[in-house]
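Beneath this line is the structure, given in structure tokens, with notes to follow.
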Amino acid sequence: MNTPIWLKPVILGVVIGAVTATTVGFSWGGWVTGGKADKMANKLSHNNVIAALVLVCVEKSRTDTLRANKLATIRETSAYQRRGALMETGWATLPGSETADRDLAEACLAELKLDKS
């Protein structure tokens, strides 16, 4: 089979172009694999759910009859143990759930602004 002389540079150009486009697309173009896109979507949806549920946590804290005692207990604990103390109050426990949510407790602590009150 006789191949034309011009075919080799065309094939080489296509291969180099494809490699360059792929490299530039994944490094600078913002392209991601399907797995990474799933992780990003799950993280974004989790963060949005937590942001929406912070209002539930704050409302639970406002309507709690032992609010002052529980806030004092949380303030007395060290900064890195406050999330656990808030989880023990039950404010970060979602309706229908048995255990408190760690991320919700962290967001609720930020919303309560214990250091500033």
Side-chain angles (χ1 to χ4, degrees):
M1 178 171 133
N2 289 337
T3 57
I5 292 178
W6 56 268
L7 189 59
K8 184 177 178 182
V10 169
I11 293 174
L12 188 59
V14 168
V15 169
I16 290 173
V19 169
T20 303
T22 304
T23 302
V24 169
F26 278 104
S27 60
W28 295 327
W31 298 356
V32 293
T33 61
K36 185 169 181 177
D38 285 342
K39 288 179 186 177
M40 290 168 56
N42 288 336
K43 183 177 179 181
L44 180 64
S45 65
H46 177 74
N47 290 343
N48 288 339
V49 167
I50 293 298
L53 292 176
V54 165
L55 300 175
V56 174
C57 179
V58 171
E59 187 59 31
K60 278 185 172 182
S61 74
R62 287 185 182 146
T63 59
D64 193 345
T65 57
L66 301 174
R67 181 178 202 263
N69 294 340
K70 290 179 180 180
L71 285 176
T73 303
I74 293 170
R75 281 191 187 103
E76 289 171 359
T77 59
S78 61
Y80 65 91
Q81 292 178 335
R82 285 187 178 177
R83 180 178 57 194
L86 189 129
M87 289 172 67
E88 290 175 8
T89 64
W91 297 342
T93 303
L94 300 175
S97 177
E98 299 282 328
T99 59
D101 185 90
R102 295 173 58 91
D103 295 332
L104 180 58
E106 189 72 35
C108 192
L109 275 174
E111 188 68 26
L112 289 174
K113 300 174 184 141
L114 296 176
D115 294 330
K116 297 177 183 175
S117 58

Problem - From CA spacing to verdict: side chain to side chain contact (heavy atoms under 4.5 Å, CB included), Asp101, Thr93 - result: CA-CA 6 Å; Asp101 185 90; Thr93 303; over 6 Å; no
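- For Leu66, the CG atom counts as densely surrounded, since its 6.0 Å shell holds more than 12 non-hydrogen atoms of other residues, nucleotides or ligands.
- Put simply, the side chain of Cys57 does not reach to within 4.5 Å of the side chain of Glu111, judged on heavy atoms.
- The nearest pair of heavy atoms linking Ala37 to Val32 is CB-CG2, 4.0 Å.
- Linking Ile, Leu, Val, Met, Phe, Trp and Tyr whenever their side-chain heavy atoms come within less than 4.5 Å puts Leu94 and Val49 in one cluster.
- Rounding to the nearest 0.5 angstrom, the gap separating the OG1 atom in Thr63 from the CH2 atom in Trp91 is 9.5 Å.
- One distance of note links CZ of Arg83 with SG of Cys108; it measures 13.0 Å at 0.5 Å rounding.
- Heavy-atom minimum distance, Trp6 versus Pro9: O-CD, 3.3 Å.
- Here the CD atom belonging to Gln81 is positioned 13.0 Å from the CE atom belonging to Met87, to the nearest 0.5 angstrom.
- No more than 12 heavy atoms of other residues, nucleotides or ligands shown are found within 6.0 angstrom of CZ on Arg102.
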Exercise for the section: Report the C-alpha separation of Glu59 and Leu55 in whole Å, then their side-chain angles, then the decisive distance to 0.1 Å, and conclude whether the side chain to side chain contact (heavy atoms under 4.5 Å, CB included) test is met. Expected result: CA-CA 6 Å; Glu59 187 59 31; Leu55 300 175; over 6 Å; no
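- Under a hydrophobic-cluster definition in which Ile, Leu, Val, Met, Phe, Trp and Tyr are linked whenever side-chain heavy atoms come within less than 4.5 Å, directly or via other members, Ile74 and Leu112 are assigned to the same cluster.
- Residue pairs that meet the side chain to side chain donor-acceptor pair (under 3.5 Å) test with at least one member in residues 37-53, sequence neighbours left out, are His46-Asp103.
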Name the atoms and distances for all side-chain donor-acceptor pairs under 3.5 Å in residues 10-28, with sequence neighbours left out.
unit_1	atom_1	unit_2	atom_2	d
Thr20	OG1	Ile16	O	2.8
Thr22	OG1	Ala18	O	2.8
Thr23	OG1	Val19	O	2.8
Ser27	OG	Thr23	O	2.7

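- Taking all atoms of both residues into account, the shortest heavy-atom contact from Thr77 to Arg82 is OG1-CG, 3.4 Å.
- When the side chains of ILVMFWY residues are joined at heavy-atom separations under 4.5 Å, either directly or via intervening members, Val58 and Ile50 end up in a single hydrophobic cluster.
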